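One structure is given below, encoded as structure tokens.
Values below: every heavy atom of this structure, side chains too, minus hydrogens, waters and symmetry copies. Please read all numbers here as calculations on a predicted model, not as lab measurements. Atoms within a ligand are numbered from 1 in the order they appear, just like the ligands themselves.
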Amino acid sequence: MTLTACSPKSEDDGLAVRLAGVRAMVNHAATAAGRDPAGVRVLLATKTVGADRVLAVLRAGWTLIGENRVQEVLAKAPELEEARLAGVPHELHFIGHLQSNKVNQVLPRLTCLQTLDSAELADRLDRRLAALDRTLDVMVQVNVSGEASKSGVDPEAALDLVGAVAARSRLRVTGLMTIGLNSPDRGAVRAGYARLAQLREQVLAQRLAGPGPIELSMGMSGDYADAITEGATMVRLGSAVFGARPAR
Ligand SMILES: *Cc1c(COP(=O)(O)O)cnc(C)c1O
């Protein structure tokens, strides 16, 4: 390692190398599953990552980022807005649990809410969006692992919720999202992802959402390959790109 490895420039280079490596790994997983790599988008989970590094990935041409805390969205908003005005576009997806009382604050910043899991939240969003005279892309979050610690609607109730959300005039259902089972048992993790893929088939077959495609947002740094095998169209990667996060 040379001395210059500590300079900011080299740190950016390191990020560029990791970004390229991550895309190559995702492509490899898709190809191994007999899928077209173009059918898998990578969302960069930028929680705990400073605005300067987020801007570095946007400037490197990546456009899809995800945050899980309202405070962080608001903290990085000025820099992201500046970048957008300077011609560096991005899509910001919210991937954490959203409390109803934070909807008004965060809504203007979001392209998509991936964690819609109740009719109450859908109502709240729909009313607020009507007041702003705009629409919002949402994904319905499903708790496929059944773990009590996880947000998301039960798989048995997911189709009803998709239908109810799609009936709101201001919400557009663009996908299903899940956080996989946290377990070394890959078979069990995959079964959860297969369940989400099956729900997507039902949403499409029963035309429960609008005419557009329905994404499957599933898979993180530790299990993205299994999620891709089961049909993920969007994987959410954080630590694989930015390194381990500091403990909360
Ligand atoms: C943090 C986070 C990720 C990314 O996790 P890594 O294991 O770091 O890749 C994905 N999805 C959600 C909802 C997250 O909060």
Ionic contact status for [Y] with [X], cut-off 4.0 Å:
| X | Y | value |
| --- | --- | --- |
| Arg41 | Glu215 | yes |
| Asp223 | Arg186 | no |
| Lys76 | Glu72 | yes |

What are the atoms of ligand 1, with element, lying closer than 4.0 Å to any heavy atom of [X]?
| X | value |
| --- | --- |
| Leu237 | 9 (O) |
| Ser239 | 6 (P), 7 (O), 8 (O), 9 (O) |
| Ala45 | 3 (C), 4 (C) |
| Gly238 | 4 (C), 6 (P), 8 (O), 9 (O) |

Item checked: Flag for Thr229-Arg190: side-chain donor and acceptor within less than 3.5 Å -> no
Checklist line | Pair Gln99-His97, side-chain donor/acceptor within less than 3.5 Å | finding: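 No pair is found: no donor N or O on one side chain lies under 3.5 Å from an acceptor on the other.
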Check: Hey, what do you get for CD1 (Ile65) to CG (Leu44), rounding to the nearest 0.5 Å?
Finding: 8.0 Å
Note to self: Side-chain heavy atoms nearer than 4.5 Å, only ILVMFWY residues, links allowed to pass through others: does that put Leu98 and Leu43 together?
What the structure shows: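 In one cluster: no.
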Item checked: Identity of the nearest option to atom 4 (C) of ligand 1, non-hydrogen atoms only, from Met218, His93, Arg236 -> Arg236
Next item on the list: Please work out which of Met220, Lys150, His97, Lys47 has its closest non-hydrogen atom nearest to atom 14 (C) of ligand 1.
Entry: Lys47
Next item on the list: Check each heavy atom of Ile95 against ligand 1 and say whether those closer than 4.0 Å belong to the side chain, the backbone, both or neither.
Entry: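 Within the 4.0 Å criterion, Ile95 contacts ligand 1 through backbone and side-chain atoms alike.
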Next item on the list: Answer side chain, backbone, both or neither: which part of Ser221 comes under 4.0 Å from ligand 1, heavy atoms only.
Entry: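 Both parts.
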Check: Is the shortest N/O to N/O distance between Gly222 and ligand 1 below 3.5 Å?
Finding: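 N/O-N/O distance below 3.5 Å does not exist for this pair.
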Check: Has Gln114 got any heavy atom lying under 4.0 angstrom from an atom of ligand 1?
Finding: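 For ligand 1, residue contact (heavy atoms, under 4.0 Å) with Gln114 is absent.
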